[in-house]
Amino acid sequence: VLVVGDGCTDDSARVVEAIGDPRVRWFNLPSNSGHQSTPNNEGLRQATGEVIAYLGHDDLWFPHHLEAGLAALDRERADLACSLVACITADGQSVKPVIPQPRRKLFSIPSGSMHRRAVTDRVGGWRSYRDLRVTPEIDLFGRAVDAGFRFALVQRLSVVKFPALWRKDVYRTRPCHE
């Protein structure tokens, strides 16, 4: 497990060290990049496994997430697997589902996705949102689909997302009530 900080100035390093497991490694980027694509790319550089899965700092995986994704990759002989994601609105009163779409420009939430290392080895990693007209995940997954990599839908809810975009000043106020 790689935990990549994006220029963290809080107690993240101490929290990771407290886990006390040498298989959990901490990396902190020298400064905040402003988007998850930079820490994701650092994770790709540091990763040694065949399958890559992402978990954003404000998202939650259900206990079955990795097992269900790996099973879908194997069952479908796929290269990418995306599960169903529930996005919780800022007021906590509504849940908006995200269902991955396996069309030319595949869309999924990074925390609901996993892929074989061969995907990013061939098509490259995450591009900065500053250089794109679509989100980095649409860009990456779209390049993978365009390159002929196979997609599997995990027909199970396995991720809860609390989108920062929907939570005004979340990085300044750092609420924990959710």
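Any value given below was found using the heavy atoms of this structure, including those in side chains, with hydrogens, waters and symmetry copies removed.
For the residue pair Ala144 and Leu80, the shortest heavy atom distance occurs at CB-CD1, 3.9 Å. Annotation for Ala53 and Leu66: closest pair CB-CD2, 3.7 Å, computed over non-hydrogen atoms. Nearest heavy atom pair, residue Pro110 against residue Tyr54, reads O-CB, 3.6 Å. The shortest heavy-atom contact between Arg122 and Ala147 is NH2-O, 2.9 Å. The two residues Gly7 and Asn28 make their nearest non-hydrogen contact at N-OD1, 3.2 Å. In terms of heavy atoms, Ala47 sits closest to Ile52 at CB-CD1, 3.6 Å.
The backbone N or O of Ser83 lies less than 3.5 Å from no partner atom in the side chain of Arg156, so there is not a single donor-acceptor pair. Checked by atom type and distance alone, the side chain of Asp6 never pairs as donor or acceptor with a backbone atom of Pro39 at under 3.5 Å. Of the possible polar contacts, one joining the Ser111 side chain to the Gly56 backbone as a donor-acceptor pair under 3.5 Å is found.
Residues Ile88 and Val160 have side chains in contact (heavy-atom distance under 4.5 Å, counting atoms from C-beta outward).
A donor-acceptor contact closer than 3.5 angstrom links the side chains of Ser108 and Ser113.
Leu60 and Val154 are not part of a single hydrophobic cluster, where members link through side-chain heavy atoms under 4.5 Å apart. Cluster membership for Val85 and Leu55, using ILVMFWY side-chain heavy atoms within less than 4.5 angstrom, is shared. Residues Phe149 and Leu140 share a single hydrophobic cluster, defined by chaining ILVMFWY side chains whose heavy atoms lie under 4.5 Å apart.
Atom CG of Asp11 is separated from atom CD of Glu17 by 10.5 Å, given to the nearest 0.5 angstrom. Between Glu50 atom CD and Leu70 atom CG the span is 9.0 Å, to the nearest 0.5 Å. Within the model, atoms OG of Ser33 and OH of Tyr129 stand 8.0 Å from one another, a figure rounded to the nearest 0.5 Å. Separation of atoms CG (Leu132) and NE2 (His35) is listed at 9.0 Å; rounding is to 0.5 Å. Atom CG of residue Leu73 and atom CZ of residue Arg116 lie 4.5 Å apart, to the nearest 0.5 angstrom. Here the straight-line distance linking atom OG of Ser37 with atom CG of Asn40 works out to 7.0 Å at 0.5 Å rounding.
For Arg130, the CZ atom counts as densely surrounded, since its 6.0 Å shell holds more than 12 non-hydrogen atoms of other residues, nucleotides or ligands. Residue-environment remark: CD (Gln46) exceeds the threshold of 12 foreign heavy atoms within 6.0 Å.
Classified by interplanar angle (parallel below 30°, tilted 30° to 60°, perpendicular above 60°), the ring pair Trp126/Phe141 is perpendicular.
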Kindly indicate, with the supporting measurements, whether the criterion side-chain contact (heavy atoms from CB on, under 4.5 Å) is fulfilled by Leu153 and Leu84.
CA-CA 8 Å; Leu153 174 63; Leu84 305 178; 4.3 Å; yes

Show the numbers, then the answer: is there a side-chain contact (heavy atoms from CB on, under 4.5 Å) between Lys161 and Asp58?
CA-CA 7 Å; Lys161 179 166 187 58; Asp58 52 0; 4.3 Å; yes

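A ring pair (Phe, Tyr, Trp, His ring centres under 6.0 Å) check over residues 62-91, counting only residues at least two apart or in different chains, returns the pairs Trp61-His65, Phe62-His64.
The side-chain contact (heavy atoms from CB on, under 4.5 Å) test with His115 is passed by exactly one of Thr120, Val51, Val123: Thr120.
Under a 4.5 Å side-chain heavy-atom cut-off, the cluster of Ile, Leu, Val, Met, Phe, Trp and Tyr residues that includes Val16 is completed by Val1, Val3, Ile19, Val24, Trp26.
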